[in-house]
Asks: 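One structure, as structure tokens, below. Some questions next.
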Amino acid sequence: MDPATVQSGEAPAQELAQSPAPVSAEVQPHLSHDPANNMKRSDPFQFGSRYLKEEDNVFEFNAWDHVETDDTYKQYAEVQYAKQREAPVSDFDKSMFYPNPFFTSPVRSAFMMIQKCIVHLRLLAHERNKFSNVFRSYLIRTKQPHVVILHSFVRVPLLTNSKTGSTLIPLSGGINSTRTTPPISSKTANGSSRSSLSWLKSPSRTTALSRSWKSEPARAILHFLFLLIIRIQILKSMHAISQRQLWK
Amino acid sequence: MRNSDAYDTKHMQADVWDAAGDVLPPGLEDGSVDIVLMIFIFSALSPAQWRQAVTNIGRLLKPGGEILFRDYGRGDLAQVRFKKGRYMEENFYVRGDGTRVYFFERDELVDIWTAPKDEEGAATTPEFEVIDLGVDRRLLVNRAKQLKMYRCWIQGRFRKLDTTKAVEQSAD
């Protein structure tokens with residue numbers, strides 16, 4: 001027996017025909033307000049017993065069971081479906097999400113990697129805030145704030161990733177083999193340590209890229225874009241930090 | 001689960017497993033499972049993965065073993081209010097966080113579990129029967145905003161058929 005038909009068809013009709021008065025006199029469990037605890041429950045609780053009848057005020061209670069959708073909703077749903085079909089997911093997104101959730105194309109890997117990096121950067125910013133005193137003294141001593149920031153900001157997330165799962169990074173050569181940050185010593189040696197971007201032009205960096213460019217150009221481009229986006233994120237977070245003056 | 005203090009491999013084992021993958025969960029053999037709980041699992045698979053998932057569950061379950069199933073039904077408010085750029089194919093969407101969701105019809109689920117097809121689309125021997133499968137329709141009300149929210153879920157039980165034929169087939 002389908003409860004929905006009971007609710008919409010026979011039951012209200014019968015009650016109305018026989019005696020409208022007892023309906024209000026004998027309040028059903030799910031419609032009762034127990035003044036003691038404000039509970040509206042039968043005991044034991046009957047699942048699926050909160051029938052919505054014609055005489056009920058739908059907004060009097062939080063939930064009703066076995067309710068067929070009304071015409072307004074059906075129309076709304078059809079309009080929505082039409083809109084959804086008109087504006088489907090982009091091909092790029094579909095290629096990422098449709099095949100399966102563990103699908104790992106280089107693009108998706110890079111995407112996930114960046115997401116992870118952003119999380120790490122935020123965490124780091126938080127950690128850094130806690131230890132700011134220690135770092136401040138270090139920065140004053142070395143007088144190389146930019147280098148130090150870049151150094152730890154890039155290294156830590158990448159190292160963490162390489163530990164947790166290198167399968168996420170199928171890009172050519174892997175992240176480990178690419179020196180995204182030069183050692184601090186090289187900075188001090190070439191004397192341009194105040195420029196935060198000078199390390200991007202470091203010789204080791206270009207050789208790594210050109211090497212993979214010769215063997216696998218498509219991957220090298222992806223790799224480069226990926227690193228570029230990470231750099232932007234790093235600069236962004238540095239900017240955010242300086243705005244909040246965490247370093248003063 | 002594994003990080004919980006109460007987690008003890010004497011009593012339980014928790015693993016992440018791809019239900020539509022090629023291997024069974026670690027430590028489990030063919031025909032060794034009594035009950036499979038599938039609560040809002042199946043909707044995350046793409047239609048192309050259903051067959052593999054059903055096959056895997058069929059391999060895992062003992063003859064007579066049961067599946068307790070609950071998932072989204074077509075027309076659920078969650079489906080209706082999907083915005084632009086989420087629709088992948090009919091009743092199949094990608095959420096903002098990159099997870100996917102399918103909204104089922106009742107008859108569709110009956111077909112998936114009891115009328116399997118092979119790769120060419122030819123009917124194969126069914127491995128399961130439906131014990132019970134119902135559509136749970138509820139009207140949730142936001143009383144402050146006077147909003148009606150129609151929810152729709154499908155819930156039921158499937159049983160692996162207890163025929164030697166089916167066992168032989170799954171063993172092959």
Asks: Within this structure, what is the CZ-CG distance for the pair Arg138(B) and Leu52(A), rounded to the nearest 0.5 Å?
Replies: 14.5 Å
Asks: Any side-chain heavy atom of Tyr81(A) sitting closer than 4.5 Å to one from Val80(B)?
Replies: yes
Asks: With sequence neighbours excluded, tell me which residues meet ring-ring contact (aromatic ring centres under 6.0 Å, His included) with Tyr150(B).
Replies: Tyr73(A)
Asks: So, do Lys84(B) and Lys83(A) sit near enough that their side-chain heavy atoms are less than 4.5 Å apart?
Replies: no
Asks: Please step through side chain to side chain contact (heavy atoms under 4.5 Å, CB included) for the pair Lys148(B) and Thr72(A), ending with a clear verdict.
Replies: CA-CA 11 Å; Lys148(B) 291 199 239 174; Thr72(A) 321; over 6 Å; no
Asks: Identify the two heavy atoms, one from Val141(B) and one from Val58(A), that lie closest to each other, and give their separation to 0.1 Å.
Replies: CG2-O, 3.6 Å
Asks: Can you pull out every side chain to side chain donor-acceptor pair (under 3.5 Å) where at least one residue sits in residues 106-117 of chain B? Sequence neighbours excluded, please.
Replies: Tyr102(B)-Glu108(B)
Asks: Would you find more than 12 non-hydrogen atoms of other residues, nucleotides or ligands less than 6.0 Å from Glu29(B) atom CD?
Replies: no
Asks: On a heavy-atom basis, which atom in Leu140(B) and which in Ala63(A) lie closest, and how many Å separate them?
Replies: CD2-CB, 3.6 Å
Asks: Let's test your reading of the structure: which of Gly21(B), Gly75(B), Ala48(B) forms the most heavy-atom pairs below 4.5 Å with chain A?
Replies: Gly75(B)
Asks: Specify which of Gln79(B), Met149(B), Arg86(B) makes the most heavy-atom pairs with chain A at under 4.5 Å.
Replies: Gln79(B)
Asks: Would you please name every residue forming a side-chain contact (heavy atoms from CB on, under 4.5 Å) with Glu90(B), sequence neighbours left out?
Replies: Arg85(A), Arg74(B), Tyr87(B)
Asks: Considering heavy atoms only, which positions within residues 3-12 of chain B lie below 4.5 Å of chain A?
Replies: none
Asks: If you count heavy-atom pairs under 4.5 Å with chain A, which of Arg151(B), Glu89(B), Lys83(B), Met88(B) comes out on top?
Replies: Met88(B)
Asks: Can you tell me how far the CG atom of Asp136(B) sits from the NE2 atom of His66(A), to the nearest 0.5 Å?
Replies: 7.0 Å
Asks: Roughly how far, to the nearest 0.5 Å, is OH of Tyr76(A) from CG of Leu77(B)?
Replies: 6.5 Å
